[in-house]
2 protein chains.
Amino acid sequence: MFTGKDPGRVSPQLRSLIFAAAADLGYRVNSTASALARGQLESIGFVGPDPTNPFFSMVLEGLTRHLDSAFSLTVLMPEGGEDYNLSTVQRALAGNLAGLILASPGTEFLESFVPTCPTVILDAGGAAGALPSVDLDLSSAVRELSGYLASLGHDRVAYVGVSREKKISLQYRREELQAGLLGHGSGLAVDDLVLEGMTIDDAFEGFRRIWPAWSAAGVTAVVCGDDLHAYGVLRAARSLGLDIPGDLSLVGFNDLPYSELTAPALSTVNLFATRLGTEAAALLSRYIRTGRVPGSKVLPSALVVRESTGPVRRR
Amino acid sequence: MFTGKDPGRVSPQLRSLIFAAAADLGYRVNSTASALARGQLESIGFVGPDPTNPFFSMVLEGLTRHLDSAFSLTVLMPEGGEDYNLSTVQRALAGNLAGLILASPGTEFLESFVPTCPTVILDAGGAAGALPSVDLDLSSAVRELSGYLASLGHDRVAYVGVSREKKISLQYRREELQAGLLGHGSGLAVDDLVLEGMTIDDAFEGFRRIWPAWSAAGVTAVVCGDDLHAYGVLRAARSLGLDIPGDLSLVGFNDLPYSELTAPALSTVNLFATRLGTEAAALLSRYIRTGRVPGSKVLPSALVVRESTGPVRRR
DNA sequence: ATGAAAGCGCTAACAG
DNA sequence: CTGTTAGCGCTTTCAT
């Protein structure tokens, strides 16, 4: 009756009568028993590094809006502020999931990961290997960025990211940037600022520490692998009395809605994070329904120029 | 064996041997069957209005960090950008949840809602009735805010929120503000700006529309029920050529990490949203375990003064 | 068409 | 202590 296979068997009146009675008695099908009997799982898992990072929220939004309504979304976060690892995912898998979405994995993790249910990887910087994935095409936006920075006279550009083990995607952004810069006769001029975490504060501290060295090396532009890092650098630069974009031009990745509100407004590469979520939902739903491993998907990105970037000021 | 009741029954060596063999064969307990046999539900549901609002993310973070590890977290979002309603929650309940957390409900919804499993309401502005809830104590922070604004010479204060049906909490913030202001001999001077949604853009459009009226009425300070709205007002004011805090002082609620980055940095009432999540997790876990309805919890808030507020400038 | 029965994979209770 | 069994609430199949 509640299995959706009754058209033609039960008259509509009777049907609604039954539903009314069911509601009256407070009956609801026990989905656990139902799932067991049918041998079908009902929830898909999402594991990401940090719910507090807007990138995550945007992906999640895309996901919830486009996930097949037959599934519910189980969200798993790593314990204690760390990045997620195999044990986080094991915890997820213990829930017997119909499918799994892994957002922004670390290298180490991805190498040792063996899928045990339909899985799609999100934002792995092209490192997902044979696993179905949704990734970003950064090359054209980053090439444009490189050309733009070059035209402004920046030939000493620095990058801030996190270690490769932590986030493949940030490292991938670095590589694309390096390639783009090289295409314009320059390249990353100094050692990266390699942060421990993805927070504004991490970048704030980190930049204050590294700026003397970068300044001495003549760095005039900083590209951050994540908008949050750029916000931290912005605050740090301000606290150091630096003029942005006069003394230092700044670029982030993601294009969060807050980036036009900072002072100065932040130039970014827009990653359209919400679309990553919707595409992942589409891919995974198909994967689960058909059982066939889908191909990977690559989504575009776009340069957004605002006030945090400007011509080099020689002193 | 996998039920956790083996200490003293199986030797540690044998135990690990079995686990090794299980891993070898790729065996994992079927949690659906397990749950059915034990008659225990394994997931708790979280329904909130909008994953994209950082308030939601912060609550979610608190939740995931402190939820009993026996439970997994199922996240439910309303369809199509609307606020969530009974049908959203019905969808949630179809999943047979051990417990339910409802964040920032609307009036209409809350009035017609009848819990069918252990439920705690979050951020309902004191309107949760008999249901266990986690709420904010705004009065002392808002009284402080009122005194502060009064001392700056602001006696024409305006409020921006959403309709009461949509978010009880924003209306509650308004009431607290009104009470605080009244305590200082003033009060809200003009009609509220009542927005449709919770986005920066909603507030941007709304403020541009209403400012002529507010300006004519001599409004010198605007308090927004949500930081996102304050960001929108900030952008709108800037686009209108207003000087903040010279022409207009601005205050938000939540104290997002972005609020110290805006230009000018935003004064806010810090809601400590993450703690709402951790408290809700604690309350609900206890509720489910003991079966006894827990009492409600009230959490403190705090005024944070930054650059967006200053003395009234008479012209 | 309607009803009875088997069984999904596990757990808990109960014999041996 | 070990092995067997009933049964969780539902779906599906197979007789009636």
Side-chain angles (χ1 to χ4, degrees), chain A residues 1-45 68-72 74 90-100 115-118 288-289 291, chain B residues 1-45 68-72 74 90-100 115-118 285 288-291:
Chain A
M1 181 63 223
F2 299 95
T3 177
K5 289 185 179 170
D6 48 325
R9 307 184 186 220
V10 184
S11 74
Q13 305 89 293
L14 179 54
R15 202 184 130 85
S16 60
L17 212 64
I18 296 181
F19 272 94
D24 245 30
L25 298 169
Y27 173 84
R28 281 168 299 149
V29 325
N30 179 325
S31 68
T32 308
S34 167
L36 179 60
R38 280 180 318 199
Q40 289 191 178
L41 280 347
E42 20 183 31
S43 103
I44 86 108
D68 195 312
S69 67
F71 299 112
S72 63
T74 296
Q90 237 110 58
R91 216 152 41 83
L93 258 17
N96 285 86
L97 302 168
L100 188 58
T116 59
C117 69
I288 294 173
R289 260 204 318 279
Chain B
M1 179 63 221
F2 300 94
T3 179
K5 289 185 180 171
D6 48 325
R9 304 185 188 219
V10 185
S11 75
Q13 303 91 293
L14 178 55
R15 201 184 131 84
S16 60
L17 213 65
I18 296 181
F19 271 94
D24 245 30
L25 298 169
Y27 173 84
R28 280 168 300 145
V29 328
N30 180 327
S31 68
T32 309
S34 168
L36 180 60
R38 278 180 318 195
Q40 289 192 178
L41 281 344
E42 24 183 27
S43 102
I44 87 108
D68 194 312
S69 68
F71 298 113
S72 63
T74 296
Q90 237 111 57
R91 215 152 40 82
L93 259 18
N96 285 84
L97 302 169
L100 188 58
T116 60
C117 68
S285 297
I288 295 173
R289 260 204 318 279
T290 69

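All chains are named by letter (A, B, ...) in the order of the sequence lines, taking the proteins before the strands, and each is independently numbered beginning at 1.
With rounding to the nearest 0.5 Å, the separation of CG in Leu100(B) from OG in Ser43(B) is 10.0 Å. Between atom CG of residue Leu41(B) and atom OG of residue Ser31(A) there is a gap of 7.5 Å, rounded to the nearest 0.5 Å. Here the straight-line distance linking atom CG of Asn96(B) with atom CG of Asn30(A) works out to 4.5 Å at 0.5 Å rounding. Here the CZ atom belonging to Arg289(B) is positioned 5.5 Å from the CG atom belonging to Asp68(B), to the nearest 0.5 angstrom.
By the side-chain contact (heavy atoms from CB on, under 4.5 Å) test, Ile288(A) pairs with Ile44(A), Phe71(A), Ala98(A), Pro118(A), Leu284(A), sequence neighbours left out.
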Side chain to side chain contact (heavy atoms under 4.5 Å, CB included) for Thr32(B) and Leu36(A)? Distances and angles first, verdict last. CA-CA 6 Å; Thr32(B) 309; Leu36(A) 179 60; 4.0 Å; yes

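The interatomic distance linking Asn96(B) (CG) with dC8(D) (P) rounds to 16 Å, in whole Å. One can place CG of Leu41(B) at 16 Å from P of dC8(D), the figure rounded to the nearest angstrom.
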What does the list of N/O pairs under 3.5 Å between the protein and nucleotides 6-9 of chain C look like, with a distance for each?
{"residue": "dC8(C)", "atom": "O2", "partner": "Ala37(A)", "partner atom": "N", "Å": "3.4"}
{"residue": "dG9(C)", "atom": "N2", "partner": "Ala33(B)", "partner atom": "O", "Å": "3.4"}

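In this structure, a donor-acceptor pair under 3.5 Å is absent between the side chains of Thr74(A) and Ser72(B).
Computed from C1' positions of five pairs at each end, the angle between the two local axes of the helix from dA1(C)-dT16(D) to dG16(C)-dC1(D) equals 50°, rounded to 10 degrees.
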